[in-house]
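Read through the structure below, which is laid out as structure tokens, and then see the notes.
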Amino acid sequence: MKNTLHSNGMNHKPKIGVIVVDLQGDFTTLKKGSLAVEGTDQYYLDKVAAATKALREKGYPVFATQDWHPADHVSFYTSHKGKKAFDVIDVAGKKQVLWPPHCVQKTKNAKLLLDNKMFVAVVQKGKDQKHDSYSGFQDDGGAQTELNPLLKKLGVQELIIYGLATDYCVKATALDAAKAGYEVTVIEGLSRGVAPDTTAMALDEMKQMGVIISPQIDS
Ligand SMILES: [Zn+2]
């Protein structure tokens, strides 16, 4: 990224954008979340907050995604009779992991853990009861969010992406960003995964799709 910081030329519009994925109570041990990802303690949150603030101070537009589900969402095991958490079922031809209920709209642990003032926009996802949405760009039914048009409007061409969780929503958001033509860097040190094996696979898959995996943000 170092080389591209100076390549804006006459164009004063920011070229690099930032997406902070699903920094919400339910995904953290800090807030005793229902789907807490390991290693999401105060130290992690402080690190993400500091990095996000620094990127904002560089003038980059920073976006957040927010998992925002109705209480009877298709991804909750409680919405399927006889199913347990982490069972995998078929939903409209796609594999769906059944999660404990999480990030239910307007609940305390659905709130973002970073100051909303940091963000150009907060893009909510997973609002449709019928479809899950790991990606900040679109749900499993193919419905697009406002994220891509907003990035385009700001002239963003490169994206720095991090957050929760590496093996699900960070991965899906990064892959969709790459498919949409952005140059994508995922910051591994500012992301945490649900499980080590799926996280390792996710990092490989992202690399294969041309996503740069960086341990931290180059200064
Ligand atoms: Zn969810």
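When a ligand or atom number is given, it counts from 1 through the structure's own listing order. Note that this is a predicted model, so its numbers are computed, not measured. When a residue number appears, it is its place in the shown sequence, counting from 1. Values reported hereafter were calculated over all heavy atoms of this structure, with side chains retained and with hydrogens, waters and symmetry mates removed.
Residue-level check: among N/O/S atoms of Asp67, OD2 sits closest to the Zn ion (ligand 1). Per residue His102, closest N, O or S atom to the Zn ion (ligand 1): atom name NE2.
Among the atoms of Cys169, none of the N, O or S atoms falls under 2.8 Å from the Zn ion (ligand 1).
Judged purely by distance below 3.5 Å, without hydrogens or angles, the side chains of His102 and Asn109 never pair a donor atom with an acceptor atom. Between Gln42 and Asp46, the side chains place a donor N or O and an acceptor N or O closer than 3.5 Å (distance only, hydrogens not considered).
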Pair Gln96, Asp90 - check side chain to side chain donor-acceptor pair (under 3.5 Å), show working. CA-CA 6 Å; Gln96 173 70 54; Asp90 226 63; over 6 Å; no

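Residue His80 comes nearest to Val74 through the heavy atom pair NE2-O, 2.7 Å, listed as atom of the first residue, atom of the second, then distance.
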